[in-house]
Amino acid sequence: MTAFQRLRARLRPQSIAGQIALLVVAGIAVAHMVATAAFLILHEPPNPDELPGVAASRLGTLARLLDAADPAARPALLASGRSLPLVRIEAWDGTVPPDAKPAPDLPVIRRLRNGAGRPVTITDLSVSDPAEARSDDRIHVGIAMPAGANLQAWLLNDPLHPPRQGPLIFTVVFMALTLALLCVWATRALTAPLARLAGAAEAFGTRDDHVALPEAGPREVLAVSRALDRMRARVRRLIDDRTQMLAAISHDLRTPITRLRLRAEFIEDEHARVAGLRDLDQMNGLVEAALSFVRDGQTRDAGSFSLVDLASVVQTVCDDFSDVGAAVSVGRSRHVLVQGRPEELQRAITNLVDNAVKYGGRAEVHMEASEQGIRICILDQGPGIPDAERDAMLQPFVRGDRARNLNEASGFGLGLSIVLAIVEAHNGRLILQNRSEGGGLCAAIELPLAAQAYAGRTVQQTPLPARAA
């Protein structure tokens with residue numbers, strides 16, 4: 001670190017409040033310096049007698065006084081007016097040379113007419129006085145007033161520039177831009193550590209969890225950065241412990257599943273053997289998914305989706321429940337394709353049907369068109385879910401046993417939360433709604449069709465009959 005950098009670090013406030021105060025004071029100081037420089041550069045001369053426009057206005061005032069005064073007093077008044085600065089005044093008999101012309105329309109002439117305050121005849125006498133002919137910086141004029149007062153004068157031919165508005169506007173714009181740039185630079189320097197801190201917090205837990213926490217900046221940001229670093233260490237330790245436990249459980253479950261598969265092979269009933277092996281395959285798939293989650297650090301992305309015939313999944317779930325004697329039926333269905341993972345969709349539908357059978361005694365499954373694509377409705381005749389508890393039921397480890405008037409608590413309250421996670425991973429929606437007729441609950445899963453997922457457009461479908469409430 002250079003000496004300049006060390007000095008800047010020492011003089012720079014360490015807190016956010018101090019840096020904001022320094023920014024405000026610096027902005028005010030810069031504004032005052034620019035305003036002072038503009039005043040010194042653009043100010044008018046302090047003595048108005050040095051301005052040709054002021055001299056022309058005074059000459060017009062003198063002409064008005066001469067015209068209003070008594071003719072006998074005019075010579076004395078004219079003599080007193082000869083002391084006007086920048087103007088030379090003499091008496092004039094009003095004789096106009098043959099080749100004389102009206103005075104040109106110059107700024108000083110206009111100022112002279114304004115000072116006279118009444119109609120006045122001004123003649124250019126420069127052509128009659130070759131010794132003092134009008135030049136670029138002086139003009140010789142004769143002034144004839146309405147009441148007979150006449151005089152001649154020599155004026156400075158000054159363009160009488162208006163106030164320098166251009167430089168003034170430029171100065172104001174320059175000051176505004178300077179302050180804006182200063183504020184933007186200081187604000188970015190002040191918020192850069194906060195942006196890095198937010199980026200590190202946002203990246204935590206993702207594949208790009210390598211964003212370094214800020215090591216320089218205001219004192220408050222450094223305190224938050226150190227606290228976030230400690231929190232990341234604790235969270236990582238908790239995740240590692242959970243991952244190791246999940247890996248151990250998943251690994252240990254593979255052995256009894258393998259033994260059950262070997263025993264299932266000796267079941268004589270063909271139908272029971274196929275159903276048992278299918279259940280074991282599903283259990284093994286859940287274990288493999290857990291091990292895959294442990295290895296990859298996260299679930300698979302949408303790239304692992306495939307085309308799924310939703311009607312076949314629904315029919316498979318209903319057949320499995322019917323095989324074990326559950327009152328499950330399929331009311332309406334149609335073959336549509338969706339993008340997803342069949343084992344997860346089967347698990348979500350199975351959880352909803354299982355809840356319907358458990359709390360309502362029976363389940364009826366319908367498939368119908370919806371604005372989102374396709375809707376799977378699982379209807380039961382149970383007590384339903386109170387509106388006040390509906391959102392809570394979607395949280396993990398929240399059971400609806402008390403709401404459904406069960407004498408014994410069963411399960412862990414994970415079924416609906418698992419369904420919600422699966423549906424949201426498939427860009428769908430889970431809807432829980434009490435039925436208005438006959439009681440019970442309607443649990444609906446809405447999923448986009450495969451054509452919508454690929455092309456982003458709505459697929460025309462054959463309208464299905466309306467669902468009974």
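Values below: every heavy atom of this structure, side chains too, minus hydrogens, waters and symmetry copies. Because the structure is a prediction, the values reported are computed rather than measured.
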Test side-chain contact (heavy atoms from CB on, under 4.5 Å) applied to R347 and I418, step by step: CA-CA 9 Å; R347 183 182 183 189; I418 292 174; 3.4 Å; yes
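- A search for side chain to side chain donor-acceptor pair (under 3.5 Å) contacts involving S312 returns D309, not counting sequence neighbours.
- Interatomic distance, OG of S370 versus CD1 of I431, reported as 8.0 Å (0.5 Å rounding).
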L394 and L432: side-chain contact (heavy atoms from CB on, under 4.5 Å), yes or no, with the steps? CA-CA 10 Å; L394 299 177; L432 301 178; 3.8 Å; yes
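- Proximity of R375 to I445: side-chain heavy atoms (C-beta onward) are nowhere separated by under 4.5 Å.
- For D105, the side chain to side chain donor-acceptor pair (under 3.5 Å) criterion is met by R110, not counting sequence neighbours.
- How far CD1 of I257 is from CG of D252: 11.0 Å, rounded to the nearest 0.5 Å.
- A distance of 11.0 Å separates CG of D279 from CG of L260, quoted to the nearest 0.5 Å.
- Separation of atoms CG (L430) and CG (L352) is listed at 6.5 Å; rounding is to 0.5 Å.
- With hydrogens and angles disregarded, a donor-acceptor distance shorter than 3.5 Å links the side chain of R435 to the backbone of D380.
- Counting heavy atoms from C-beta on, the side chains of T316 and Q346 come closer than 4.5 Å.
- Closest non-hydrogen pair, G384 versus L441, comes out as CA-CB, 4.2 Å.
- In this structure, a donor-acceptor pair under 3.5 Å is absent between the side chains of D240 and Q244.
- Within the 4.5 Å cutoff, no side-chain heavy atoms of N434 are placed close to those of C442.
- Remark: I385 CD1 to D391 CG distance equals 10.5 Å, nearest 0.5 Å.
- Across A55 and L86, no two heavy atoms sit closer than the pair CB-CB, 4.0 Å.
- For the atom pair M367 CE and H335 NE2, the distance stands at 9.0 Å (nearest 0.5 Å).
- With a 4.5 Å cut-off on side-chain heavy atoms, C318 and S329 do not count as touching.
- The salt bridge (charged side-chain N to carboxylate O under 4.0 Å, His left out) search around D241 returns none, not counting sequence neighbours.
- Here the closest non-hydrogen pair linking E368 and I374 is O-CD1, 3.2 Å.
- Considering only residues two or more places apart in sequence or on other chains, D387 meets the side chain to side chain donor-acceptor pair (under 3.5 Å) condition with R390.
- The side-chain heavy atoms of L416 and N351, taken from C-beta on, include no pair separated by under 4.5 Å.
- Within the 4.5 Å cutoff, side-chain heavy atoms of L277 are placed close to those of E265.
- No side-chain heavy atom of Q339 sits under 4.5 Å from any side-chain heavy atom of V308.
- Taking every heavy atom of both residues into account, A264 and L280 meet most closely at CB-CD1, 4.1 Å.
- The salt bridge (charged side-chain N to carboxylate O under 4.0 Å, His left out) check on R429 picks up E446, with sequence neighbours excluded.
- Between the side chain of H426 and the backbone N or O of F305 there is no donor-acceptor pair closer than 3.5 Å.
- Scanning for salt bridge (charged side-chain N to carboxylate O under 4.0 Å, His left out) contacts around D281 gives R261, with sequence neighbours left out.
- Counting all heavy atoms, side chain and backbone alike, G60 lies closest to L112 at N-CD1, 3.3 Å.
- Proximity of L345 to L310: side-chain heavy atoms (C-beta onward) are separated by under 4.5 Å at one or more points.
- Checked by atom type, the side-chain pair H366/E364 shows a donor-acceptor distance below 3.5 Å.
- Considering all non-hydrogen atoms of both residues, L156 and V108 come closest at O-CG1, 3.4 Å.
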